[in-house]
2 protein chains.
Amino acid sequence: MSRRYLGAVPDSYHHGDLPAALRAATAELVTERGPTGFSLREVARRAGVSHAAPAHHFGDAKGLLTSVAIEGFQKLADALTEATEGIDDAALRLTACGRAYVRTAQAFPGHFGVIFQEDMVDPTNQEWLEAGLSAYMVLYETISVVRDQLNPSLDVDTAATLSWAAMQGLVVLASKLTVVAKSTGAEVVPLDDLIERFTRITIEGMRAR
Amino acid sequence: MSRRYLGAVPDSYHHGDLPAALRAATAELVTERGPTGFSLREVARRAGVSHAAPAHHFGDAKGLLTSVAIEGFQKLADALTEATEGIDDAALRLTACGRAYVRTAQAFPGHFGVIFQEDMVDPTNQEWLEAGLSAYMVLYETISVVRDQLNPSLDVDTAATLSWAAMQGLVVLASKLTVVAKSTGAEVVPLDDLIERFTRITIEGMRAR
DNA sequence: GCTCTAAGTGGACATTGTAAAGATAATGGT
DNA sequence: ACCATTATCTTTACAATGTCCACTTAGAGC
């Protein structure tokens with residue numbers, strides 16, 4: 001008997017859906033031990049298969065990690081889409097984007113520990129590029145709304161890049177913020193609130209012409 | 001005869017300044033192969049010492065990487081300090097900060113590949129925390145100037161965090177921007193110019209009350 | 001000059017990623 | 001229904017890695 005994941009066919013020679021199980025185990029492992037703690041053999045163990053099984057589906061370790069990264073971008077794109085649906089006001093919409101971004105990153109730390117780790121994924125993988133792009137497009141759409149409502153001469157590309165950078169940067173910095181706040185004596189602001197403050201500043205900046 | 005680095009005493013049993021040589025070799029290796037490509041034994045080889053030598057100075061691999069991360073933060077703090085020196089205008093100063101940040105990241109990719117990789121460094125290391133904090137403080141100082149000149153009621157902590165996040169995020173996203181631009185048909189903007197556009201937006205946002 | 005300690009070496013061991021060859025189950029054609 | 005083919009998974013093997021240990025070498029201090 002061994003641990004198995006989604007779509008498992010217990011105690012059968014064939015797994016059922018090993019690729020998905022391996023992705024899940026990878027995300028779990030990276031969540032626990034960080035990107036560096038990833039190990040193909042440990043992942044195989046957690047999925048209840050031999051250490052050589054992953055190779056048949058993903059080629060090598062980088063292939064598996066790339067697949068996880070793609071899944072991460074898809075989760076992000078879905079979250080951003082769902083979060084902005086039905087919101088008309090530009091500022092509210094951008095805030096919703098930011099919240100969704102940070103929350104997705106916190107909900108799937110295993111995936112987010114990999115998506116921008118360019119040496120862990122195959123940077124030439126088309127799916128990975130497209131998955132990232134389609135997540136970006138959701139944000140781009142929201143910035144377009146900002147342009148339409150607040151400033152017709154807004155450079156949407158620049159503003160979208162800035163928003164993305166600020167969100168991803170915040171995710172990376174998050175753990176350091178508490179330490180910094182303790183040293184500077186500043187209040188510790190919850191990420192959700194911080195996102196709102198970020199949005200307030202950037203929205204005002206985008207409004208100006 | 002073996003490759004040696006700074007402070008080397010050729011062909012002597014003792015190295016001269018092995019810690020510095022190991023840091024340099026680490027930065028070089030991470031630059032070539034990315035954070036994942038780091039290997040303690042390869043670093044030792046490049047420094048011309050046996051594979052067990054690093055342990056006497058840094059304990060384990062994480063100790064060495066932490067030391068490199070500290071060096072990275074120091075380089076950043078120095079660059080930010082130098083870049084802002086003598087600049088009085090708030091907007092120009094913030095732009096200079098951004099430029100210095102991105103340029104330092106590009107000049108020392110080995111260091112920047114490690115500084116925020118929390119699973120590769122010892123997150124309890126006091127020097128690492130302090131080095132990061134002192135780099136942040138240079139930025140904080142600049143945002144204080146923004147407050148003094150443009151908006152006395154500006155929340156400096158929030159604005160400084162936003163600026164840092166945007167810069168670090170931009171560094172991470174940089175390699176994807178070209179791809180995105182190719183897909184959206186947008187122009188490929190040099191990072192230096194992008195930083196200026198970022199600054200223009202955020203400065204306007206900070207000015208608003 | 002002698003001892004003590006810091007600095008570096010060499011070997012051992014468990015763990016890792018990948019490759020190759022073998023075993024097992026499912027599939028598809030007749 | 002049967003057989004061959006193929007996809008899936010296992011086993012074995014090998015080189016490389018990080019850390020530990022015992023050993024050697026060189027400086028520093030008395």
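Predicted, not measured: the structure shown is a model, and the values here were computed from it. Quick note on labels: first sequence line is chain A, next is B, and so on, each numbered from 1.
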- Item | Check: Tyr101(A) ring centroid to Phe112(A) ring centroid under 6.0 Å |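 Under 6.0 Å, so yes.
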[X], nearest nucleotide to its side chain (from [options]):
X        : options                  : value
Arg45(B) : dA19(C), dT9(C), dT17(D) : dT17(D)
His51(A) : dT18(C), dG8(C), dC20(D) : dT18(C)
Ala52(A) : dA19(C), dA7(C), dT8(D)  : dA19(C)

- Query: Is the closest side-chain heavy-atom distance between Gln74(B) and Ile70(B) below 4.5 Å?
  - Reply: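 In contact.
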- Message: What I'd like to find out is whether the side chain of Ser134(B) reaches to under 4.5 Å of the side chain of Phe73(B), using heavy atoms alone.
- Response: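 Ser134(B) does not reach Phe73(B) side chain to side chain.
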Could you tell me the separation between the [atom1] atom of [X] and the [atom2] atom of [N], rounded to a whole number of Å?
X         : N       : atom1 : atom2 : result
His56(A)  : dT6(D)  : NE2   : P     : 16 Å
Phe58(B)  : dA6(C)  : CZ    : C1'   : 15 Å
Met120(A) : dG17(C) : CE    : P     : 10 Å

- Query: Would you call Lys62(A) and Asp122(A) a salt bridge, using N to O less than 4.0 angstrom?
  - Reply: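 No salt bridge links Lys62(A) with Asp122(A).
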- Salt-bridge contact Glu42(A)-Arg46(A) (side-chain N to carboxylate O under 4.0 Å):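 Looking at Arg46(A) together with Glu42(A), the answer is yes, because their closest N to O distance falls below 4.0 Å.
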- Please list, by residue number, the residues of residues 59-66 of chain A whose heavy atoms come closer than 4.0 Å to an atom of DNA chain C; answer none if no residue qualifies.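 Within residues 59-66 of chain A, the residues near DNA chain C are Asp60(A), Ala61(A).
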- Task: Report, as yes or no, whether the 6.0 Å neighbourhood of atom CD on Glu32(B) holds more than 12 heavy atoms from other residues, nucleotides or ligands.
- Result: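 Correct, the count exceeds 12.
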- Item | Of residues 31-42 of chain B, the positions that come close to DNA chain D - non-hydrogen atoms, cut-off under 4.0 Å |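 Residues of residues 31-42 of chain B that come under 4.0 Å of DNA chain D are, in numerical order, Ser39(B), Leu40(B), Arg41(B).
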- Show your reasoning for whether side chain to side chain contact (heavy atoms under 4.5 Å, CB included) applies to Arg103(B) and Asp192(B). CA-CA 8 Å; Arg103(B) 283 181 180 170; Asp192(B) 262 13; 2.5 Å; yes
- Distance (rounded to the nearest 0.5 Å) between Met167(B) CE and Ile195(B) CD1: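 Going from CE on Met167(B) over to CD1 on Ile195(B), the span is 7.0 Å.
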